[in-house]
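To start, the structure under review is shown below, and the notes come after it.
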Amino acid sequence: MSKGVQQLDDYRWLLPQDYKPGMRVPGIIYADDILMQAIMKDLSLEQVANGAFLPGIVKASFAMPDIHQGYGLPVGGVVATDITDGVVSPGAVGYDINCGVRLLRTELTKEEVRPKLKELVLALFSEIPTGVGSRGRIRLSRQEMEAPLLKGAAWAVKQGYGEPADLACIESGGCLADADPDAVSHKALERGSSQLGTLGSGNHFLEVQAVAEIYDPHAAEVLGLFEGQVTVMIHTGSRGLGHQVCTDSLVEMERAVRKYGIELPDRQLACTPWKSPEATQYLGAMRAAANFAWNNRQCLAHWAKEVFLKVFGISPRTLGLSTVYDVAHNIVKVEEHEVEGRRLKLAVHRKGATRAFPPGHPELPAHYQAIGQPVLIPGDMGRASFVLVGTGAMEQTFGSTCHGAGRVMSRHAAIKAAKGRAIHRELEDQGIIVKASGQESLAEEMPEAYKDVTQVVTVVHRAGLSKMVARLRPMGVIKG
DNA sequence: ATGTAC
């Protein structure tokens, strides 16, 4: 009997429990043949198998079609542990806590925006701080940090950044309960104190897009999307604050692994029992970082709106800009799921995976009950991004789907491949205006460094994890 | 992803 990966059907692959001795459950990977070939080129599958070692894990260690190698668990991994006897693992959440995506709609069409596109992109770039170490216009003292960390995006709204109506259009209302600002180190607070309303670097971006194709007219209508419409997508997370929270926690986790006698194949998966003081500490800080990220996207959205108003010289009513939705794709949440006929409280770790709850789920806002949770998938800056809605993922993947295109080239390989080329010119030839803080960051992020997002989304659509609603084409991009 | 190396 082969210990290798086995194809279950067109879009699912099984990593049997005997793939690696010590796995508590099998691994299940969602991919087609072509994506699977890319997945097998790095240590992703090994990491999926390693995730299956986590104490208390139920059902399987899951991987989405956009997985690639990450810290401990691959980016694109989903692991759920029973909170009565299971663990929490910061490596299964990721360094960028509550990295996520917000989509804004406007009443403008691409024809209306095109003549001012360049001006718009330059204005966005000058108003929105980008890049590593970038600092924003909001400066908060350590004490002032408490409110945003505790209250989530409601804090930003109260400060005048955005509308109260935005909050219903954010996953978890833009706030995780039980955040503990005191669990966030001084160093993390320090790093975050000037980073609200900043984009960051790497694959983070703010993009002006046009709705290129509608696949599900009913869902699109409920979401306020129409063909030719201009949208704005913001992809960023908790910046230095979340990164520091993760770094701080790993030290404690290493200690916890020894203290509680947890056996793991990779120390990067270091974890602690859910009901341990170490977990309480990490979860308090993780939730605070998640709330910070929602404030970050809330502020960025507000400034993007101001730039639109200024550049087009129109009234807020004519612009008609509002929040479609905001998702977290690096987070751990307690959710109830049915496993083998039992309702269990699970710690669902989604690391580079998006929640995709089906229609009628009580956690969805009233106005989206009929269509399911909106899923926002950022692609690369040359091809497309997607809007989907939740369908049948509950029974399969704890209500989870993919989160993006996923890299195929390392940053280093991408820089090498871009040598002698002018990526911004190549994109401009396709009608896409890009403004980035450096040549190198553009090279790292060039379209061919990524898998084809359409292929990724097609897999989750056909596997029944979520349903395609609309394709968005980039028009203007600002990047770190 | 990240004050991209304390």
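Side chains are part of it too, since the values below use all heavy atoms of this structure and drop only hydrogens, waters and symmetry mates. Numbered from 1 within each chain, the chains take letters A, B, ... in sequence-line order.
Taking atom CD1 on A/Ile415 and atom P on B/dT4, their separation rounds to 15 Å, with Å as the unit. The nearest whole Å value for the distance from the CD atom in A/Glu190 to the P atom in B/dT2 is 18 Å. Between A/Asp248 atom CG and B/dT2 atom C1' there is a gap of 13 Å when expressed in whole angstrom units. In this structure, the CD atom of A/Glu445 is 18 Å from the P atom of B/dT4, given to the nearest Å. Per the geometry, OH belonging to A/Tyr95 stands 13 Å off P belonging to B/dT2, to the nearest Å. Atom P of nucleotide B/dT4 and atom CZ of A/Arg239 are separated by 12 Å, given to the nearest angstrom. Between A/Asn98 atom CG and B/dT2 atom P the separation is 13 Å, expressed in whole Å. At whole-Å resolution of the value, CD in A/Gln244 and P in B/dA5 are 15 Å apart.
Just one residue in the list A/Arg355, A/His403, A/Met64 forms a side-chain contact (heavy atoms from CB on, under 4.5 Å) with A/His329, and that residue is A/His403.
The minimum heavy-atom distance linking A/Leu442 with A/Ala436 is given by the pair CG-CB, 3.8 Å.
Taking for each of A/Val132 and A/His204 the nucleotide of DNA chain B with the nearest heavy atom, the 5'-most of the two is the partner of A/His204.
Taking a 6.0 Å sphere around CZ of A/Arg135, one finds it holds 12 or fewer heavy atoms contributed by other residues, nucleotides or ligands. Atom NZ of A/Lys467 has 12 or fewer neighbouring heavy atoms from other residues, nucleotides or ligands inside a 6.0 Å radius.
Secondary-structure stems of DNA chain B, taken as three or more successive Watson-Crick or G-U wobble pairs (i with j, i+1 with j-1) under a 3.5 Å distance threshold, are lacking entirely.
When heavy atoms are screened at a 4.0 angstrom cut-off, A/Gly237 is found touching no nucleic acid atom at all. Among the heavy atoms of the strands lying under 4.0 Å from A/Gln195 are primed sugar atoms or P, OP1, OP2 only; no base atom is included.
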Taking it one step at a time, do A/Asn98 and A/Ser238 satisfy side chain to side chain donor-acceptor pair (under 3.5 Å)?
CA-CA 6 Å; A/Asn98 191 3; A/Ser238 52; over 6 Å; no
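Between the side chain of A/Gln47 and the backbone N or O of A/Gly70, at least one donor-acceptor pair lies under 3.5 Å.
With sequence neighbours excluded, the residues forming a ring-ring contact (aromatic ring centres under 6.0 Å, His included) with A/His243 are A/Tyr95, listed by chain and number.
In this structure, A/Ser201 does not reach the B/dT4 phosphate: none of its side-chain N or O atoms is under 4.0 Å from OP1 or OP2.
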